[in-house]
Amino acid sequence: MTNVLSVRDLHFSYHDHHAALRGVSFELCEGDKVALVGPNGAGKSTLMLHLNGILRGQGDVTVGGVRLTRDNLPAIRAMIGLVFQNPDDQLFSPTVFDDVAFGPLHMGLPKEEVLTRVEAALQAVMMSAYRDRMSHHLSVGEKKRIAIATVLSMNPQILVLDEPSAGLDPRARRTLINLLRELPITMLVSTHDMRMVQELFPRTIVMDEGLIAADGETKEILSDEGFLNEHGLEKP
Amino acid sequence: MTNVLSVRDLHFSYHDHHAALRGVSFELCEGDKVALVGPNGAGKSTLMLHLNGILRGQGDVTVGGVRLTRDNLPAIRAMIGLVFQNPDDQLFSPTVFDDVAFGPLHMGLPKEEVLTRVEAALQAVMMSAYRDRMSHHLSVGEKKRIAIATVLSMNPQILVLDEPSAGLDPRARRTLINLLRELPITMLVSTHDMRMVQELFPRTIVMDEGLIAADGETKEILSDEGFLNEHGLEKP
Amino acid sequence: MHYAPAPLHIPDGFLNVTVSVIFWVVTIVMIGMAVSRTNKSLGEKQVPLMGIMAAFIFAAQMINFPVAGGTSGHLLGGALAAIVLGPWAGMLVMTAVIAVQGLLFQDGGLLVMGANIFNMGLLTAAIGYGLYRSVMNKPTGTKLAVAGVAAWLSVMAGALATSLQLWLSGTSNLQTVVIAMLGVHALIGLGEALITVAALSFIFRTRPDLLGEGSASAEGGRGWIIAGVIVSLIVALLSPLASAAPDGLERVAIDMGFIDAGQDAPYEIIPDYTVPFLGETPLSTILAGVIGALIVLGIMVVTGRSLQKKTS
Amino acid sequence: MHSDVFDRYHAANSFIHRLDSRVKVVVTVAFILSNALLPDAAWTAFGLSWLFLLFANALSDLGPGFTLQRSFIVLPFALVAVTVLVSIPGEPLTTFRFIAWDLTITDAGLLRFVSIVIRSWLSVQMAILLVATTRFPDVVHALEHLRVPFILTTIIAFLYRYLFVLVDEVFRLLRAREARSAAVAGFRAGGSVAWRAGVAGNMAGQLFLRSYERSDRVYNAMLARGYTGHLNTINPHELRRVDYVTTALALFVILLFQVVGRV
Ligand SMILES: Nc1ncnc2c1ncn2[C@@H]1O[C@H](COP(=O)(O)OP(=O)(O)OP(=O)(O)O)[C@@H](O)[C@H]1O
Ligand SMILES: Nc1ncnc2c1ncn2[C@@H]1O[C@H](COP(=O)(O)OP(=O)(O)OP(=O)(O)O)[C@@H](O)[C@H]1O
Ligand SMILES: [Mg+2]
Ligand SMILES: [Mg+2]
């Protein structure tokens with residue numbers, strides 16, 4: 001399997017000198033579905049913001065063989081689709097269509113291409129019927145799916161999702177899990193939902209205090225209760 | 001046990017004529033701890049807004065033997081403590097102290113009484129040290145606890161909480177569950193967190209589409225998987 | 001990302017005491033009226049609504065968009081606030097915003113705050129709301145177009161008032177400051193107009209009830225239209241006058257005893273001075289202003305039309 | 001939280017921090033007013049005012065350079081005063097060529113320019129000191145006591161509270177836009193200026209609706225806790241003797257500056 005993402009010895013401090021990442025390294029191979037877990041403040045979101053260069057720390061990030069530098073940021077952003085925790089942060093356009101079309105339009109793609117991409121992305125999340133709805137009035141679960149469509153329309157090679165299941169009711173959560181299972185794409189998903197981790201992800205990365213505490217098979221990690229407790233986690 | 005809250009045949013439609021409550025009846029006895037569950041849009045929040053007269057539908061609401069009418073709203077609001085889902089909506093004052101003192105001050109209590117109430121409420125949620133902090137510096141878990149203190153300071157007979165555990169990490173959620181368990185007060189709690197329901201509440205009310213679908217022992221309700229699925233819920 | 005001060009916020013020290021006090025008086029009177037009006041129309045809901053809307057304007061000023069060469073446009077929000085909340089509430093909201101910017105961030109001074117509120121809160125409300133109100137019953141496209149022009153004009157009005165205050169305080173040379181301020185703000189105003197129109201059309205599409213008859217934006221009537229039109233006309237007439245023929249304006253100011261009232265080291269203003277490199281171009285200034293206004297109008301009508309099509 | 005950079009208060013327990021906020025507001029305004037009243041070229045008075053400021057800085061435990069470092073935000077604005085250098089008649093000091101014109105800086109022009117900049121620079125430092133040593137809710141309390149209409153101070157308090165919530169929201173929106181601002185080889189990325197402005201406008205509209213609906217929820221939360229249109233507060237602040245003495249002394253000194261500056 002080809003290596004599509006590699007992060008090497010990543011360090012980052014916020015302007016208040018709080019070290020949020022203190023040497024993080026890992027790799028993703030094509031088709032990997034990986035969970036990223038850890039207590040509040042572990043650095044999960046900070047790490048994700050590095051993957052497409054919204055934050056820039058010390059260390060290397062390489063996406064699809066291209067090293068992330070200031071000059072190839074736009075190209076990297078076309079390869080990594082980042083979905084934020086709160087769909088309200090992701091959806092800033094009046095209609096679902098406008099939002100899903102933003103990425104392709106910004107890339108300067110021709111009109112027909114934009115339209116087909118939007119259709120395909122909405123289909124993938126089963127929301128084609130919502131094309132002309134206003135995102136403002138959708139339920140949380142629906143918004144989550146649209147948020148995923150907004151990055152799918154950019155045809156990313158890797159999907160990075162920050163706590164996708166937070167705030168969903170059981171039914172919406174179930175729909176989301178099925179959706180993620182069926183998307184044939186490399187993904188890294190941060191979450192506090194240990195049952196989803198167990199169900200969906202063969203591999204898990206545990207972060208705590210800016211470091212990777214474990215990286216391996218989900219089954220093994222979840223069976224070590226002492227280790228989980230140590231990092232503020234719970235068995236599913 | 002005395003009946004402290006009774007709702008009889010409550011109907012309510014929002015201005016777009018969407019019927020959010022279509023005949024809801026139930027009772028709470030003193031000391032009851034009751035979970036209110038149901039899918040998104042079931043009407044849980046709408047029902048809660050009726051309990052202290054922020055919304056007024058057709059039907060009767062009786063609190064502590066007093067029927068809710070326009071004239072006794074202030075008295076009713078002193079008896080029912082309503083905590084909203086988003087603590088940022090609940091904490092609107094600049095400092096924690098101002099927020100917790102808001103309720104008692106508006107009841108017209110004398111200064112010393114206000115001060116003792118604030119102290120007691122902060123103590124109950126274990127946040128005495130936060131008295132002079134500004135709300136915007138707190139973490140979500142801390143905000144949640146302060147939000148509960150803002151209504152505890154009004155010495156309510158009934159605590160009504162809308163999705164208190166949403167968005168908390170496992171550790172903060174655990175702290176909240178312990179807090180709710182130890183508060184010696186009647187409470188009605190809406191939530192999507194079925195494991196919390198199982199752990200904490202002997203009785204559960206299931207709502208769907210503006211109606212009460214079930215009201216009974218939690219154990220029984222949670223064991224009927226077919227029924228749960230029908231209402232968009234899951235076994236914990 | 002940091003908080004970016006807008007060029008209209010005058011710091012302390014740049015206006016003299018007389019000018020500062022005059023604008024404090026005007027501002028206080030208007031705020032007093034605004035308080036009593038909004039209190040009447042909104043009642044107990046006033047406090048949370050105004051407070052959160054003020055936070056909204058503050059936050060919205062941070063939404064920027066890249067223009068070219070590393071510069072970016074953003075919103076001031078006076079016209080938008082007045083259009084969506086009504087003129088009085090808009091004034092109160094802008095007052096709170098400017099007060100916090102001055103008190104907390106030193107973006108704008110304290111003694112000169114009256115003038116800053118006047119420039120960015122009161123003038124923008126009069127123009128923004130007045131012009132918009134005059135087409136209240138017209139189709140959405142027209143309303144959007146007029147709102148865009150009003151937003152542009154409101155920024156120009158703020159810039160002109162700022163220039164005049166600086167000049168009356170003896171801080172700047174009239175012609176230079178007017179040309180420089182209006183020149184810069186003609187561009188800033190374009191960004192203001194575009195964002196205002198887009199934000200309004202968003203609201204038209206999602207919550208038209210907030211902008212229709214019976215909403216805050218339908219309150220007040222002819223008085224505001226007259227005020228808006230008059231202020232707009234003054235801006236339209238005064239800016240070319242100040243930049244092309246400053247002597248006339250100066251004479252009026254001297255006759256009214258304005259100019260040396262607050263100047264501690266009174267100096268004689270040479271009646272016929274011109275800064276050579278700017279003085280020779282009054283005609284082109286006027287021309288540029290007119291062309292700019294026409295372009296804005298054109299863009300607004302076109303976007304207004306297309307947005308209207310989308311809506312229907 | 002990103003927006004914490006907005007918090008200008010620097011916690012410490014200095015003499016200045018402990019002063020009642022009313023004292024600090026009154027003295028700050030008096031100081032700024034005094035600067036504005038001082039005539040041009042009142043160098044001694046300007047110098048004394050600066051000493052006063054240094055003294056206050058020293059009493060605040062923030063370090064002597066604290067307000068200085070942050071005072072440069074007024075510099076760009078000084079540009080609007082540049083023209084007085086060449087437009088006020090006086091003894092010519094130097095003449096230089098600017099593109100095709102000869103401009104003459106006069107002594108009177110220079111005096112005026114320097115005076116304006118000094119006034120502004122002193123004033124802004126005092127304002128910086130005020131918010132660095134006083135928590136903003138206390139500044140608002142002080143305004144209340146100083147007879148600013150209650151409704152206005154409450155609106156300001158709400159603004160301050162929700163500023164952080166909404167600004168965080170904006171930061172997250174901007175971040176999401178940035179994350180999707182991609183380019184692929186062979187196509188010109190970015191769209192037109194009008195399209196980008198439209199996107200920014202949509203964000204503003206979006207933010208407006210959310211804020212508007214939030215104000216409804218907050219209003220409900222206030223009603224739930226007994227709000228009826230009247231806001232009650234407890235104001236534990238009481239002026240102590242040290243507050244009175246400090247105010248009197250400070251105002252007296254500021255008055256002296258005026259005397260010095262005018263003789
Ligand atoms: N903008 C910021 N400025 C300063 N510090 C920050 C900022 N964002 C996060 N931090 C700090 O960096 C650390 C890592 O935060 P991060 O948001 O990455 O954690 P997380 O693992 O995503 O947590 P959560 O599960 O709560 O989302 C925390 O200590 C946090 O307080
Ligand atoms: N302000 C409103 N205006 C119009 N309709 C509303 C409003 N608030 C809620 N509704 C509608 O009323 C119904 C009940 O909503 P409610 O918020 O009570 O559901 P809920 O059970 O609390 O759901 P959730 O679990 O998502 O919080 C929903 O269909 C919703 O769309
Ligand atoms: Mg996170
Ligand atoms: Mg709800």
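Keep in mind the model is a prediction, meaning the values are calculated, not measured.
- Within 6.0 Å of the CD atom in D:Glu213, the count of heavy atoms belonging to other residues, nucleotides or ligands exceeds 12.
- With sequence neighbours excluded, the residues satisfying side-chain contact (heavy atoms from CB on, under 4.5 Å) with A:Pro94 are A:Asp98, C:Phe202, C:Arg205, D:Asn202.
- In terms of modelled atom types and a separation under 3.5 Å, the side chain of D:Arg210 and the main chain of A:Asp88 share a donor-acceptor contact.
- Counting heavy atoms of neighbouring residues, nucleotides and ligands inside a 6.0 Å radius, atom CZ of D:Phe187 exceeds 12 of them.
- No donor-acceptor distance shorter than 3.5 angstrom exists from the side chain of D:Arg177 to the backbone of A:Phe92, with no hydrogens or angles considered.
- Surrounding CD of A:Glu119 are more than 12 heavy atoms belonging to other residues, nucleotides or ligands, all under 6.0 Å away.
- Of the listed residues (A:Gly108, A:Pro156, A:Pro104), the greatest number of heavy-atom pairs within a distance under 4.5 Å of chain D belongs to A:Gly108.
- Atoms CG and CG, on A:Asn86 and D:Asp168 in that order, are 11.5 Å from each other to the nearest 0.5 Å.
- Distance check: D:Arg175 CZ to A:Ile54 CD1 gives 6.5 Å after rounding to the nearest 0.5 Å.
- With a 4.5 Å cut-off on non-hydrogen atoms, A:Asp99 touches chain D through its backbone and its side chain both.
- Nearest heavy atom pair, residue A:Asp89 against residue D:Leu173, reads O-CD2, 3.3 Å.
- Within residues 67-82 of chain A, the residues approaching chain D closer than 4.5 Å by heavy atoms are, in numerical order, A:Pro74, A:Ala75, A:Arg77, A:Ala78, A:Leu82.
- The CE atom of A:Met134 sits 11.0 Å away from the CD atom of D:Gln206 when rounded to the nearest 0.5 Å.
- The environment of D:Arg240 atom CZ is dense: over 12 non-hydrogen atoms of other residues, nucleotides or ligands sit within 6.0 angstrom.
- Note on ring orientation: taking the six-membered ring where Trp is involved, the planes of D:Trp195 and A:His106 are tilted (angle from 30° to 60°).
- Pairs passing the side-chain hydrogen bond (donor to acceptor under 3.5 Å, both in side chains) check and including a residue from residues 47-57 of chain A, sequence neighbours excluded, do not occur.
- For D:Ser21, the side-chain contact (heavy atoms from CB on, under 4.5 Å) criterion is met by D:Thr134, D:Asp138, D:Ala142, not counting sequence neighbours.
- Between A:Phe84 and D:Ala176 the shortest heavy-atom distance is CE1-CA, 3.5 Å.
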- Message: Is there a side chain to side chain contact (heavy atoms under 4.5 Å, CB included) between D:Glu178 and A:Leu49? Walk through the geometry before answering.
- Response: CA-CA 11 Å; D:Glu178 203 186 327; A:Leu49 291 173; over 6 Å; no
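- For the pair A:Gln90 and D:Arg180, the tightest heavy-atom approach, listed with the atom from each and the gap, is O-NH2, 2.5 Å.
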